[in-house]
Amino acid sequence: MRIATWNVNSLKARLAKLEEWVSYAEPDVVCLQETKMSDEAFPTAAFAALGYESAHHGNGRWNGVAILSRVGLDQARAGFLGEPPGAIEQCRILTASCGGVRVASVYVPNGRAVGSEQYDFKLAWLRRLRDDLAATTTPDDAVVVCGDFNVAPEDRDVWDISQFLGATHVSEPERAALRELEVWGLVDAFRAVYPDADRLYTWWDYRAGDFHNGRGMRIDLVLVSRALAGGVRYALVDREARKGMGSDKPPSDHAPLFVDIDL
DNA sequence: ATGGTAGCGCTGCTA
């Protein structure tokens, strides 16, 4: 199974690019974040034309997550278990069963500034994600959690850690919350494939030429359950897809990441 | 140098 994750920063603005990318990358499952779209506007037919079933969870203006699958898609659930969709989770998690794998597309809150109300919300949201996983699955099940975690797991996952003093995405509480997912039984698939590779990022700020100057962060992750970790055989961040489709069409600020897993 | 860009949507927020 080839499973991908991509924060598209508006699905409306990026639909053509996504269609192009899906056609050549040929993922079996795609998890999208920041669709910034309502469920009514979601282009179900466009994905069906490419051979993908799909599910979406969004309110329109902010956030919004989706799953595309060409290996079946059922038992879709928007939001956390036992909570009204859109309530606490803010259209940031969608879960579905695809080809025998329980897949979650997550968009973890940004956190804005360390110590802020939004930062505390981010930490609580990550704990809620762990509790949701623990309540609905086990690490011995086939589980994949994909998305924009807005946390760089280690110092080597940012372009220059000295530039991040006191910043979000690298603080110890955020990293500890991410590690709690690993303690439960998830494995960072990209890091499993590239245990020694540094300076491989998934996000670059639009400003100041950061992409072309190599100033990025690895914050988009594919986490696989212990049951699947042994089958992970390949992973790639497609930097080409971060280059857009010409001067009139800016790219997303994130590149897609995909992982190939032998099930 | 406290900047810079993008999306949504029309004012300023979010990232």
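For clarity, every value in this text was computed on a predicted model and none was experimentally measured. Only heavy atoms go into these numbers, but all of them, side chains included; no hydrogens, no water, no symmetry mates. The sequence lines fix the lettering, A, B, ..., with proteins before strands; numbering per chain opens at 1.
For the pair A:Leu11 CG and B:dG7 P, the interatomic distance rounds to 13 Å; values are reported in whole Å. Rounded to whole Å, atom P of B:dG7 lies 13 Å from atom CE of A:Met37. Rounded to an integer number of Å, the gap from NE2 of A:His254 to C1' of B:dT14 is 12 Å. If you measure from atom NZ of A:Lys12 to atom C1' of B:dC8, you get 9 Å, rounded to the nearest angstrom. For the pair A:Asp220 CG and B:dA15 C1', the computed distance is 13 Å after rounding to whole Å. Distance CG (A:Asn9) to C1' (B:dT5): 10 Å, rounded to an integer number of Å. The nearest whole Å value for the distance from the CG atom in A:Asn7 to the C1' atom in B:dT14 is 12 Å. The CG-P distance, from A:Asp205 to B:dG3, rounds to 14 Å in whole Å.
Between the side chain of A:Arg215 and the main chain of A:Ala208, a donor-acceptor pair closer than 3.5 Å is present. Of the possible polar contacts, one joining the A:Thr202 side chain to the A:Asp220 backbone as a donor-acceptor pair under 3.5 Å is found.
Classified by interplanar angle (parallel below 30°, tilted 30° to 60°, perpendicular above 60°), the ring pair A:Tyr201/A:Trp204 is perpendicular.
Taking atom P in both B:dC13 and B:dG3, the straight-line distance is 15 Å, to the nearest Å. Rounded to a whole angstrom, the distance from the C1' atom of B:dG4 to that of B:dA15 is 13 Å.
Within 4.0 Å (heavy atoms only), A:Phe211 reaches no atom of the nucleic acid at all. Within 4.0 Å (heavy atoms only), A:Arg92 reaches sugar-phosphate atoms of the nucleic acid but no base atom. Here A:Arg14 lies in heavy-atom contact (under 4.0 Å) with sugar-phosphate atoms only.
Comparing A:Tyr206 and A:Asn110, the nucleotide of DNA chain B nearest to each residue sits closer to the 5' end for A:Tyr206. When the nearest nucleotides of DNA chain B are assigned to A:Pro251 and A:Arg61 by heavy-atom distance, the more 5′-ward of the two goes with A:Pro251.
Salt bridge A:Asp188/A:Arg179: absent, no basic N to carboxylate O contact under 4.0 Å.
When the side-chain nitrogen and oxygen atoms of A:Ser10 are compared with OP1 and OP2 of B:dC8, one or more of them lie within a distance under 4.0 Å. Between A:Arg112 and B:dC13 there is no side-chain N or O to OP1 or OP2 distance below 4.0 Å.
Inter-residue side-chain proximity for A:Val29 and A:Val144 is flagged as unmet; no heavy-atom pair is nearer than 4.5 Å.
Side-chain proximity of A:Trp62 to the nucleotides B:dA15, B:dT5, B:dC13 is greatest for B:dC13.
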